[in-house]
Amino acid sequence: MKDRFAGSRAHQDRAKQSLAGGVATAFRASQKPVPICFERGSGARLVDVDGNEYIDYALAFGPMLLGHSPRVVVDAVQHQLATGLGYGACHRAEAELAEAICRTVPSAERVVFGSTGSEAVHAAIRIARAATGRRRIVKFLGHYHGWLDSIHIGVPGTTGRDPGTAGQDPQAAESITVCDWNDPAALQAVLAEDVAAVIMEPVNVNGGCLTPQAGYLEKVRDMTHRAGALLIFDEVITGFRLSLGGAQSALGVMPDLTILGKALGGGFPISAVCGSRDVMEEAASFRVAHVGTFNANPICTAAAIAAVTYMEQHEADMYGRLAALTTALTAALHNAGAHAELPITVNTVTGVVQPFVSPSPVVNYADTIAADGATLRRFTAALLEVGVHVIPKGLMYLSAAHTEADVEATAAGAAVAAVRVASEGRNL
Ligand code: PMP
């Protein structure tokens, strides 16, 4: 039988000879049967080096909210390419993009830019410490805020509070307290007077698309106010995805600082920290050093202005469609599981779908750890065989480029994949 993935396997063999581990980010290494090597992407589709076409729900781990190579972003970048790649100096578009963020993100009054989410998290924490004169940061178990030493503990998939990786300076995260999420009493117990900020994913997408319980975010907002600590929403995933104004707009709770990345750039690497004028005064006054060679470079800025402008102009239509497609995709996965007698349960918010193999609902982080991850990974591998590309741990993102027909085709593919996996037996 012909090997569908022969080209990807050959690429891995070659890449491993020079590229450490054969992948450029460790998350890609877990893809089965082999990390797929892609050749091109357009809209909701990707094509790999073997010529296989996929409906893509990985969306480059989230940034491609407008699909692959969206026309408006490509045009804006092409125009900018001919005009200048970077000046290391002021240009009009950086203020234009900051204005667009202040218009769309409800709690934003001032903005600073970076290139990646990890970097923006770092900047936000620095601003919070400077603004409060305090040191401790509370983060939550199973929430991800990038790979830097000072925050990379209690990461998704782990249950401990140890450093997330070999080589990490254990002292760098000494001033981080890891707390259980969705548990006001647990937070109250650690909200001492040395806490500068509480940082969270307002919807814990990285932990399993877990949503805040009714009233939880409001309580955290109130508790942080009373404790004199800042509230930081890491909206690297949820920003522009849950709604134009992100999770804070969709859920109606305003943080002091917000971190944006991924979808902001329409596929280009740009991130931002934004917040109230008062808190951001630390950066505005230059008391906090916020620097970076590529900050707000004209190429990424042009891409982000194009992306945000598109989302503003198409807000009503785009988010309504995203919500409807999310519902349809969720139903497709449920039906596939039910038909195959594979216990698939799905966590979801607008534009995000996370299936689990679990006989009971997955409502908290402990449930995600208890779910049958091995069978889920076999399901995502089986989806690849039927032309559906998802993040190996099952996470699926929708974009403005997906259509009802894409989701219908995915439903048919998921049904086949679920039957195949069920016939091989589960790992529970
Ligand atoms: N915060 C969150 C919530 C994220 O999901 C990520 C990346 N997945 C980051 C921060 C780090 O972003 P980056 O990979 O761009 O450094």
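We count ligands from 1, going down the list as the structure has it; atoms in each ligand are counted the same way.
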Exercise. Does any pair with a residue in residues 183-233 pass ring-ring contact (aromatic ring centres under 6.0 Å, His included), and if so which ones, sequence neighbours excluded?
Worked result: Trp181-Tyr216
Problem set entry | Leu329 CG to Thr348 OG1 distance, which is reported to the nearest 0.5 Å | 8.0 Å
For this session: Could you name the protein residues that come within less than 4.0 Å of ligand 1, counting only heavy atoms, and order them by chain and residue number?
Result: Thr116, Gly117, Ser118, Tyr144, His145, Gly146, Glu201, Asn206, Asp234, Val236, Ile237, Lys262
Problem set entry | Pairwise ring-ring contact (aromatic ring centres under 6.0 Å, His included) hits with a residue in residues 289-325, at least two apart | Tyr310-His314
For this session: Give a yes or no on whether the backbone of Pro35 and the side-chain of Gln12 come within a donor-acceptor separation of less than 3.5 Å.
Result: no
Exercise. Closest approach of Val198 and Val195, non-hydrogen atoms and distance?
Worked result: CG2-CG1, 4.4 Å
For this session: Would you mind listing every ring-ring contact (aromatic ring centres under 6.0 Å, His included) that reaches into residues 57-81, with sequence neighbours excluded?
Result: Tyr57-His402
